[in-house]
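Here is the naming used below: chain letters follow the sequence lines, and residue numbers restart at 1 for every chain.
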2 protein chains.
Amino acid sequence: MTTSGRKPDEGERYKAILETAARLICERGYEGTSMQEIAAACRMTKAGLYHHIQNKEQLLFAIMNYGMDLFEEQVLSRVQDIADPVDRLRACMRHNILLVTRGWSKEVIIILHEHATLTGEARAFIDNRKKRYVDFLEEAFSQAAQQGRIRPVDPTIGAFSFLGMVLWVYKWFKPDGRLTDEQIADGMVDLLFPPIVAAAVDGQPGVSSLRVVPRAASGSGTSSGSGTEEP
Amino acid sequence: MTTSGRKPDEGERYKAILETAARLICERGYEGTSMQEIAAACRMTKAGLYHHIQNKEQLLFAIMNYGMDLFEEQVLSRVQDIADPVDRLRACMRHNILLVTRGWSKEVIIILHEHATLTGEARAFIDNRKKRYVDFLEEAFSQAAQQGRIRPVDPTIGAFSFLGMVLWVYKWFKPDGRLTDEQIADGMVDLLFPPIVAAAVDGQPGVSSLRVVPRAASGSGTSSGSGTEEP
DNA sequence: CGTGCTACCTACCGGTCGGTAGGTCGGGGT
DNA sequence: ACCCCGACCTACCGACCGGTAGGTAGCACG
């Protein structure tokens, strides 16, 4: 039975440390979490923890890289081959919102919150991985606009509007709120990329994406308690 | 000359402390900033600083309340009387974006970043002040949808989409980037609240806000360097 | 002149921070 | 039997943390 019997393999143990540390840092913040606490949560002493990592900053860097891996696996890789740019953006928004709302991978939340904690090369490296996502979105917005599928918009503004809507969710979403994460995803997708209903309104045939008029008065009620939190 | 000669009046001094502390906390984060550093930046000793404030957490609370005052003065109060809900949202988005991009009032950035740092009553108090803004936005979205000025959208999703676009800006905006803050504000307003061009497309006369079709292919180029930063 | 008050100061508190030196201990290789 | 190595441990480092006790200099008021 060679190397079978669930001996928490080297890399396995390291990943477990990253996940435990990520849970704590996500709750208390990077500066607000001590190595003592992280070690205890890993059922180790501090010196034992330092056997696996180099220092606190490198631990954060490893967590963020792990988070970017998870993001690329669960979002980017699943949508990057969608041919239609608007469908690509729709699917991407959906996956990204659900990545933030579902609790798996606190690492992603840390990437979002601790955007200015790392410095120097580590900071530059993570920023570069983020930038690839921005480029991907800008490219999609650019294509969609060029094909007349959305209103003409600066791709950068489109990309960062998309990101703001999607990523800000981590600041206010509560799983037991009035809206489920599915409803939020559907609602935001529908708000930014409304379905095409009418064909061309004037003489142009190929250009068809216009936001359709609402059925007169339809909004639910007034604001009311949202079940969510603060901005 | 009674009480004239620029003796930095009690409240004046306190405000100066809040602003200095806010600058530091905005740069280094709340947990990452020591009272020693804040005191030094105020050209005082730590004990001298503690003559003016009660403790570190109360200092953060005071900064956030000051930030909310500034926000209400510079954004809310200037737009809340605009009758048309869409114009109200447009103006509000503009003012809010510029509040974030212009460097004045680091206090506002602290409110955005340290959204989970306070606890207990202080946290509840600030959250309540934030909630009033969410309610204001939800009300505006609700009215706009009811009047058929925008696509029907859940007011909560509208409000938090608005907030995400606007507030996420603090994470990536650089004053020397390709886009100026004015361009970002204009672009985002135009993206979420496009101008009305065509009248009713079908039989309904009052319902007119449909997103207008782009002039065929018009998008600038591909993505290119955005001049900004990470998501 | 004395009193009271604000606005600070020096000096210090116990505790915790990130990090390390050096030892122990069990299992695999030979 | 021996050794070695990785995976931990105890014990400790100097620096710094948030916060305070107690003193004092300057000014206003009587």
Rounding to an integer number of Å, can you tell me how far [X] [atom1] sits from [N] [atom2]?
| X | N | atom1 | atom2 | value |
| --- | --- | --- | --- | --- |
| A/L49 | C/dG19 | CG | P | 10 Å |
| A/I25 | C/dG18 | CD1 | C1' | 13 Å |
| A/N55 | C/dG19 | CG | P | 5 Å |
| A/L60 | C/dG18 | CG | C1' | 15 Å |
| B/Y14 | C/dC8 | OH | C1' | 17 Å |
| A/E57 | C/dC17 | CD | P | 18 Å |
| B/Q36 | D/dC17 | CD | P | 6 Å |
| B/E12 | C/dA7 | CD | P | 14 Å |

Next on the checklist: For a quick check under 3.5 Å, do B/Q183 and B/R178 share a side-chain donor-acceptor pair by atom type?
Outcome noted: no

Checklist entry - Distance only, no hydrogens: is a donor on one side chain within 3.5 Å (strictly under) of an acceptor on the other, for B/Y30 and A/E31? => result no

Check whether any side-chain N or O of [X] sits under 4.0 Å from OP1 or OP2 of [N], and answer yes or no.
| X | N | value |
| --- | --- | --- |
| A/S34 | C/dC17 | yes |
| B/H52 | C/dC8 | yes |
| B/H51 | C/dC8 | no |
| B/R43 | C/dC9 | no |

Checklist entry - For the base of D/dG19, is there a side-chain donor-acceptor partner from B/K56 under 3.5 Å away? => result no

Checklist entry - Are A/D186 and A/R94 within salt-bridge range, i.e. N to O under 4.0 Å? => result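 The answer is yes: the pair qualifies as a salt bridge.
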
Item to check | salt_bridge(A/K106, A/E19) N-O dist < 4.0 Å | outcome: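 The answer is no: the pair does not qualify as a salt bridge.
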
Measure from the side-chain heavy atoms of [X] and tell me the nearest of [options].
| X | options | value |
| --- | --- | --- |
| B/M44 | C/dC8, C/dG19, D/dC9 | C/dC8 |
| A/Y50 | C/dG19, D/dT20, C/dC8 | C/dG19 |
| A/K46 | C/dC9, C/dG18, C/dC8 | C/dG18 |

Next on the checklist: Ring-plane angle category for B/W172 and A/F160, please: parallel below 30°, perpendicular beyond 60°, tilted otherwise.
Outcome noted: parallel

